[in-house]
Amino acid sequence: MGAWASRGRAARVPAPEPESEPEEALDLSQLPPELLLVVLSHVPPRTLLGRCRQVCRGWRALVDGQALWLLILARDHSATGRALLHLARSCQSPARNARPCPLGRFCARRPIGRNLIRNPCGQGLRKWMVQHGGDGWVVEENRTTVPGAPSQTCFVTSFSWCRKKQVLDLEEEGLWPELLDSGRIEICVSDWWGARHDSGCMYRLLVQLLDANQTVLDKFSAVPDPIPQWNNNACLHVTHVFSNIKMGIRFVSFEHWGQDTQFWAGHYGARVTNSSVIVRVHLS
């Protein structure tokens with residue numbers, strides 16, 4: 001028998017489309033400096049400092065200069081943003097062309113309005129210098145909700161004074177000397193402390209503003225009355241604002257203590273959490 005013959009039409013193979021020429025990558029280094037500055041101003045500050053600065057000498061010069069960072073700051077049209085831009089322009093280093101410009105770290109670290117205390121609520125004891133009294137510090141869940149806290153946990157003390165401390169380097173946080181000495185900033189400190197219902201407790205707070213040599217320029221201390229036993233899990237808030245800050249401030253020391261009043265073994269002492277040190281700008 002003969003082979004079956006196909007009566008269908010032969011399939012048409014589409015002709016290949018002509019290959020398009022690859023698009024040439026845009027060489028940003030060919031842009032005029034003023035246009036390149038605008039493009040770079042849309043790049044995240046940490047990327048500018050960590051990667052873009054290493055591309056070439058021209059890019060490094062732009063990242064190390066003031067114009068790029070002033071352009072970034074100018075995009076914030078809020079009252080605080082406008083105040084920051086004014087301060088950045090008026091509180092410049094005596095060497096106006098200093099390299100790298102301190103505004104880079106300022107924009108990357110964003111120190112204004114954020115809590116500079118590390119680990120304020122008890123993710124272990126990291127970032128704190130601690131002195132253990134009695135059975136030492138531990139971390140527990142809050143017995144009373146603390147509003148605005150990033151975590152509902154707290155540091156708990158024992159039957160002898162427990163102490164912990166952080167010293168904040170304001171320049172390392174992104175604040176440069178001329179801004180710190182401008183008289184246009186304030187430092188707001190806050191701490192929450194409380195007790196468990198079945199045990200009274202005692203608490204102390206000491207915050208010091210220090211110069212470059214760790215000399216005390218100003219301080220705030222709080223030694224409130226002890227919370228008595230059977231207190232319905234009392235939780236109290238301590239706040240203070242340093243407003244007339246002396247020239248030379250470079251560090252903030254934040255230190256607090258706690259213990260119980262029953263002298264029971266274990267962890268029945270003061271419970272501290274949501275500690276904060278926040279730098280703000282005077283808007284007036």
Side-chain angles (χ1 to χ4, degrees), residues 23-118 150 168-188 209 212 241-245 247-252 276-284:
E23 296 182 1
E24 294 185 4
L26 177 62
D27 185 357
L28 294 180
S29 64
Q30 301 301 314
L31 293 176
E34 59 274 13
L35 185 54
L36 178 58
L37 199 70
V38 175
V39 173
L40 291 179
S41 71
H42 291 275
V43 177
R46 291 183 184 273
T47 303
L48 289 172
L49 294 171
R51 296 184 180 181
C52 297
R53 191 172 180 269
Q54 301 177 18
V55 171
C56 62
R57 291 181 179 179
W59 284 38
R60 173 173 291 193
L62 291 177
V63 174
D64 284 353
Q66 294 178 349
L68 173 60
W69 303 107
L70 291 174
L71 190 59
I72 292 172
L73 289 173
R75 289 210 178 91
D76 185 349
H77 299 294
S78 67
T80 300
R82 292 194 299 270
L84 281 175
L85 180 61
H86 174 74
L87 282 175
R89 287 171 172 165
S90 60
C91 300
Q92 297 178 1
S93 169
R96 293 174 64 89
N97 296 318
R99 294 291 191 270
C101 174
L103 290 178
R105 175 176 286 182
F106 177 81
C107 290
R109 301 301 300 271
R110 302 180 66 86
I112 300 297
R114 72 170 171 86
N115 187 7
L116 302 182
I117 290 285
R118 300 285 192 264
L168 308 174
D169 185 336
L170 298 179
E171 289 188 73
E172 183 64 27
E173 293 294 340
L175 300 159
W176 67 99
E178 290 73 26
L179 176 60
L180 292 170
D181 295 340
S182 67
R184 296 292 305 278
I185 65 170
E186 62 185 18
I187 298 177
C188 310
L209 308 186
V241 177
F242 294 97
S243 53
N244 298 314
I245 297 175
M247 292 185 62
I249 178 175
R250 298 295 179 267
F251 299 91
V252 177
S276 68
V277 173
I278 297 177
V279 178
R280 303 192 188 279
V281 174
H282 289 303
L283 299 180
S284 57

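In this text the structure is predicted, and so the values were computed from the model without any measurement.
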Subject >> Distance, nearest 0.5 Å, that separates CZ of R280 from CZ of R184 >> reply: 15.5 Å

Subject >> For the student: nearest non-hydrogen atoms of H42 and V38, plus distance >> reply: CD2-O, 3.1 Å

**OP:** Kindly compute the distance separating CZ (R110) from CZ (R46), expressed to the nearest 0.5 Å.
**Re:** 10.0 Å

Original post:
Got a sec, which residues hit salt bridge (charged side-chain N to carboxylate O under 4.0 Å, His left out) with R114, two or more places apart in sequence or on another chain?
Top reply: E173

Original post:
CG/L180 to CZ/F251 distance, rounded to the nearest 0.5 angstrom?
Top reply: 10.5 Å

Subject >> All side-chain hydrogen bond (donor to acceptor under 3.5 Å, both in side chains) counterparts of D76, not counting sequence neighbours >> reply: S78

Original post:
Do L175 and I112 pass the side chain to side chain contact (heavy atoms under 4.5 Å, CB included) test, and can you show the C-alpha distance, the side-chain angles, and the key distance before you say yes or no?
Top reply: CA-CA 9 Å; L175 300 159; I112 300 297; 3.8 Å; yes

Original post:
Going through the checks in order, is the side chain to side chain contact (heavy atoms under 4.5 Å, CB included) test met by L48 and I72?
Top reply: CA-CA 12 Å; L48 289 172; I72 292 172; 3.9 Å; yes

**OP:** Report yes or no: does R53 contribute a side-chain atom to a donor-acceptor pair with the main-chain N or O of R60 at less than 3.5 Å?
**Re:** no

**OP:** Working to the nearest 0.5 Å, report the span between OG of S243 and NE2 of H282.
**Re:** 6.0 Å

**OP:** Evaluate the side-chain proximity of I249 to I187: yes if any heavy-atom separation is below 4.5 Å, no if none is.
**Re:** yes

Original post:
Heavy-atom count around R57 CZ within 6.0 Å, excluding the residue itself: above 12?
Top reply: no

Original post:
Checking side chain to side chain contact (heavy atoms under 4.5 Å, CB included) for the pair R89/Q66: CA distance, chi angles, key distance, verdict?
Top reply: CA-CA 9 Å; R89 287 171 172 165; Q66 294 178 349; over 6 Å; no

Subject >> Atom pair CZ (R51) and CH2 (W59), whose distance is rounded to the nearest 0.5 Å >> reply: 12.5 Å

Original post:
Is the closest side-chain heavy-atom distance between L170 and L116 below 4.5 Å?
Top reply: yes

Original post:
Residues in side-chain hydrogen bond (donor to acceptor under 3.5 Å, both in side chains) with D181, at least two apart?
Top reply: R250

Subject >> Nearest atoms (heavy-atom pairs only) where I245 meets E186 >> reply: CD1-CA, 3.9 Å

Original post:
Would a distance-only check, ignoring hydrogens and angles, find a side-chain to backbone donor-acceptor pair under 3.5 Å from R105 to G174?
Top reply: no

Original post:
Do the non-hydrogen side-chain atoms of V279 and P111 ever get within less than 4.5 Å of each other?
Top reply: no

Original post:
From L85 CG over to R75 CZ, what is the distance, rounded to the nearest 0.5 angstrom?
Top reply: 12.0 Å

Original post:
Do you know which two heavy atoms are closest between L40 and L68, and how far apart they sit?
Top reply: C-CD1, 3.9 Å

**OP:** Give a yes or no on whether the backbone of V277 and the side-chain of N115 come within a donor-acceptor separation of less than 3.5 Å.
**Re:** yes

Subject >> Least distance between heavy atoms, A83 atom then V281 atom >> reply: CB-CG1, 3.9 Å

Subject >> Heavy-atom pair with the smallest gap, counting every atom of V43 and C52 >> reply: CG1-SG, 4.1 Å

Subject >> Flag side-chain contact, heavy atom, 4.5 Å: L84 against F106 >> reply: yes

Subject >> Heavy-atom pair of closest approach, residues G104 and L49 >> reply: O-CD1, 3.6 Å

Original post:
Is the backbone of S41 close enough, under 3.5 Å, to the side chain of W69 for a donor and an acceptor to pair up by distance?
Top reply: no

